[in-house]
Amino acid sequence: MIMNGKIGLIMGLANKFSIAYGIAESLKQMGAKLLFTSQTEYFKNKISDIAKSFGDHDVILCDVSKDGDIEKAFDCIVSTIGKIDFIVHSIAFSDKDELIGKYYNTTRANFLHAMNISCYSFTETCKHARSILKENGSLVTLTYYGSEKVVPNYNVMALAKAALETSVRYLAEDLGEFGIRVNAISAGPIKTLAASGVSEFSKILSYDRQRSPLRRNVTQQEIGDACTFLLSDMSSGITGEIIHVDCGSNIIGVKFDDV
Ligand code: NAP
């Protein structure tokens with residue numbers, strides 16, 4: 001029960017298939033209490049039953065693309081519950097019409113929108129982290145291997161993830177003097193709502209399975225357990241890291257079966 005007595009915020013739960021759900025399950029198993037944000041009233045109602053099973057707090061509205069929403073949500077938490085121990089940022093967005101074909105067809109509008117929601121929102125979260133997190137607080141965001149190597153159709157999301165990973169290092173430096181840690185999990189592919197927007201996602205899943213030293217895809221639970229570790233005091237010496245949780249598939253360059 002390494003999270004006993006800790007309470008934290010999860011941003012980015014859409015449904016039971018979300019990576020955030022696997023993280024919530026693992027945190028709960030380890031004793032944590034949880035709070036959730038949701039982008040809109042519609043989704044807030046959709047996830048409120050799930051959220052109740054994790055801590056009996058109301059879901060807080062927070063559209064990370066709107067100026068002031070993150071700060072408002074954090075103020076609301078501090079005034080009702082007090083300071084918390086950790087934050088999980090499990091949020092990304094791109095127009096799915098641009099997660100197919102050639103990357104250079106990305107529009108300026110979607111490039112900026114994808115960067116805003118998938119990368120800048122984490123910077124803004126960290127900017128306000130000191131107002132909501134206790135000393136020795138911890139933040140984790142989610143990234144993907146497409147930031148390092150070309151993955152068909154991942155396109156603009158790859159750029160947003162590369163920027164997100166670089167921001168993790170800068171944010172870790174910014175917040176380190178306050179004892180706050182910032183890390184990312186580079187998760188292997190999981191079939192979720194967001195992932196199904198990437199064209200031919202099932203091929204990514206099966207290619208990943210074939211490449212992986214463990215010969216399988218990672219599970220929601222495994223990503224959740226790694227995240228719990230990064231949010232717990234067990235990882236107190238780790239910050240600014242991008243940890244791959246993908247059954248090792250990122251370490252394989254070539255497999256002769258492929259050629
Ligand atoms: P998901 O269940 O669809 O979760 C994505 C979440 O982002 C949703 O809860 C969505 O909220 C939220 N979101 C989008 N725009 C938002 C906004 N403006 N304000 C607040 N929330 C917003 O998909 P997921 O796969 O679990 O994604 C979670 C994270 O894991 C993402 O960063 C993703 O890139 C990353 N990741 C996923 C995979 C994978 O294979 N699935 C692999 C590596 C990394 P609504 O439901 O309200 O729209």
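Note that ligands are numbered from 1 as they come in the structure, with each ligand's atoms numbered from 1 the same way. Starting from 1, each residue takes its place in the sequence as its number.
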For ligand 1, note which part of Thr143 has a heavy atom under 4.0 Å away: side chain, backbone, both or neither.
backbone
Return the closest protein heavy atom for atom 14 (C) of ligand 1 as residue, atom name and distance.
Ala92 O, 3.6 Å
Is Gly188 close enough to touch ligand 1? Criterion: a residue heavy atom under 4.0 Å from a ligand atom.
yes
Does Ser118 have a non-hydrogen atom less than 4.0 Å from ligand 1?
no
Heavy-atom contacts under 4.0 Å between Leu13 and ligand 1: side chain, backbone, both, or neither?
backbone
Counting N and O atoms only, with roles assigned by atom type, does the side chain of Ser118 sit under 3.5 Å from a partner on the main chain of Ala160, one being a donor and the other an acceptor?
no
Of the side chain and backbone of Phe201, name the one, both, or neither that has a heavy atom under 4.0 Å from an atom of ligand 1.
side chain
Specify the closest pair of heavy atoms between Lys161 and Ala92, including all atoms of both residues, with the distance to one decimal.
NZ-CB, 3.9 Å
Taking 4.0 Å as the limit for heavy-atom contacts, which would you say applies to Ile117 with ligand 1: side chain only, backbone only, both, or neither?
side chain
Under the ring-ring contact (aromatic ring centres under 6.0 Å, His included) rule, what do Phe54 and Tyr21 come out as? Steps first, then yes or no, please.
CA-CA 10 Å; Phe54 286 106; Tyr21 186 79; 5.8 Å; yes
At their closest point, which heavy atom of Gly12 faces which heavy atom of Ile91, and how far apart are they?
CA-CG1, 3.8 Å
Pick one of side chain, backbone, both or neither for how Ser186 approaches ligand 1, counting any non-hydrogen atom pair under 4.0 Å.
neither
Record the part of Lys161 in heavy-atom contact with ligand 1 below 4.0 Å; permitted values are side chain, backbone, both and neither.
side chain
Residue-level breakdown please: for Thr192 versus ligand 1, do any non-hydrogen atoms fall below 4.0 Å on the side chain, on the backbone, on both, or on neither?
side chain
Counting neighbours of CZ on Arg130 that are heavy atoms of other residues, nucleotides or ligands and sit closer than 6.0 Å, is the number greater than 12?
no
The option among Ala14, Cys62, Ala184 carrying the non-hydrogen atom nearest to atom 8 (C) of ligand 1 is Ala14
